[in-house]
Amino acid sequence: MISVSRTVSIPDNEVTITAIRAQGAGGQHVNKTSTAIHLRFDISASSLPESYKIRLLAASHHLITPEGVVVIKAQEYRSQEMNREAAVARLVSLIQELTVVQKSRRATKPTRASKERRLASKAQKSTTKSLRGKVRRHPE
């Protein structure tokens, strides 16, 4: 069981994990061992709550294919087990990130004191700027 939150979890049989050979430069070890992990998770066929599925399928994310399958490749570590843990952690963080409900913004009114401070500040700036003009000589 992969725990996404306190109430939501994914059964292990819904996630397909395959060991593949890692890319990039390496020595003798990398050529004969399959340490990278290829994780596939079908959103629409999963047991996630319907609200989660809708949000995930509507999201435009590079890890989600147009068919609604999450594809994660983990090859950061040299051990297969650590790469498996990293792939699962990335899946969980992806689901958590895309299913966060944004807090709705409530419009607020400025307080009376803040309006008065703003007007006082405007008056002060006006006075300062008017004093910057040319100095005129008064005839005596």
Side-chain angles (χ1 to χ4, degrees):
M1 272 308 220
I2 300 167
S3 178
V4 177
S5 67
R6 282 186 282 136
T7 56
V8 179
S9 58
I10 302 169
D12 292 332
N13 62 345
E14 291 182 3
V15 178
T16 307
I17 295 177
T18 314
I20 55 173
R21 287 195 181 150
Q23 288 178 310
Q28 297 133 344
H29 178 71
V30 77
N31 296 329
K32 54 189 178 187
T33 56
S34 299
T35 54
I37 293 294
H38 196 255
L39 181 144
R40 293 178 65 84
F41 175 67
D42 190 358
I43 297 167
S44 51
S46 70
S47 62
L48 287 174
E50 205 58 40
S51 61
Y52 277 44
K53 288 182 186 181
I54 292 167
R55 283 180 171 272
L56 288 169
L57 292 170
S60 173
H61 199 278
H62 70 279
L63 293 176
I64 303 174
T65 65
E67 294 80 37
V69 178
V70 178
V71 179
I72 296 174
K73 183 178 180 187
Q75 59 179 14
E76 298 91 44
Y77 303 103
R78 290 179 67 179
S79 88
Q80 194 179 93
E81 190 54 43
M82 287 181 73
N83 281 330
R84 181 180 285 115
E85 288 172 16
V88 169
R90 279 168 52 191
L91 174 67
V92 169
S93 68
L94 173 77
I95 293 171
Q96 288 173 344
E97 173 189 324
L98 294 178
T99 56
V100 169
V101 179
Q102 291 292 323
K103 188 177 164 185
S104 62
R105 185 190 178 281
R106 288 195 321 236
T108 57
K109 290 184 179 177
T111 62
R112 185 172 159 192
S114 71
K115 287 179 187 174
E116 288 172 4
R117 281 193 301 270
R118 182 180 61 84
L119 293 173
S121 165
K122 283 180 73 165
Q124 176 66 41
K125 283 191 175 94
S126 173
T127 309
T128 303
K129 290 187 176 190
S130 67
L131 292 173
R132 289 185 189 154
K134 285 189 175 179
V135 178
R136 296 194 184 118
R137 295 187 103 190
H138 294 287
E140 294 172 12

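In this structure, L57 and G68 approach most closely via the heavy-atom pair CD2-CA, 3.6 Å. Pairing each heavy atom of Q75 with each of A22, the nearest pair is OE1-CA, 3.6 Å. Between S34 and R21, the shortest heavy-atom contact is OG-CG, 3.8 Å. Between S44 and K53, the shortest heavy-atom distance links the atoms O-NZ, 3.4 Å.
From Y77, atom OH reaches atom CZ of R84 across 14.5 Å, with rounding to the nearest 0.5 Å. Between the CD1 atom of I72 and the NE2 atom of H38 there is a distance of 10.0 Å, given to the nearest 0.5 Å. The structure places CG of L98 at 8.5 Å from CD1 of I43, a figure rounded to the nearest 0.5 Å. One distance of note links OG of S46 with CG of N13; it measures 11.0 Å at 0.5 Å rounding.
Contact check for T18 versus T16: side-chain heavy atoms found under the 4.5 Å cut-off. Side-chain contact between Q80 and I37 is present, with at least one heavy-atom pair separated by less than 4.5 Å. In this structure, T99 and L48 have side chains that are not in contact, with every pair of non-hydrogen atoms separated by 4.5 Å or more. Side chains of V70 and H61 form no contact here, defined as non-hydrogen atoms less than 4.5 Å apart. Taking 4.5 Å as the limit, some side-chain heavy atom of I95 sits within range of a side-chain heavy atom of F41. Contact of the V69 side chain with the I64 side chain is not registered, since no non-hydrogen atoms from C-beta on lie closer than 4.5 Å.
In this structure, T128 contributes its side chain and Q124 its backbone to a donor-acceptor pair below 3.5 Å. Side-chain N or O atoms of K125 include none that pairs as donor or acceptor with a backbone N or O of A120 at under 3.5 Å. Checked by atom type and distance alone, the side chain of N83 pairs as donor or acceptor with a backbone atom of T35 at under 3.5 Å.
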Could you go through residues 85-92 and list every donor-acceptor pair under 3.5 Å that involves a side-chain atom there, pairing it with any protein atom two or more places apart or in another chain?
unit_1: R90; atom_1: NH1; unit_2: K73; atom_2: O; d: 3.2
unit_1: R90; atom_1: NH1; unit_2: E76; atom_2: OE2; d: 3.1
unit_1: R90; atom_1: NH2; unit_2: K73; atom_2: O; d: 3.4

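Residue R55 qualifies as enclosed at atom CZ: its count of foreign heavy atoms under 6.0 Å is above 12.
Remark: the S130 side chain and the T127 side chain contain no N/O donor-acceptor pair separated by less than 3.5 Å. With hydrogens and angles left out, the side-chain atoms of S47 and E14 include a donor and acceptor closer than 3.5 Å.
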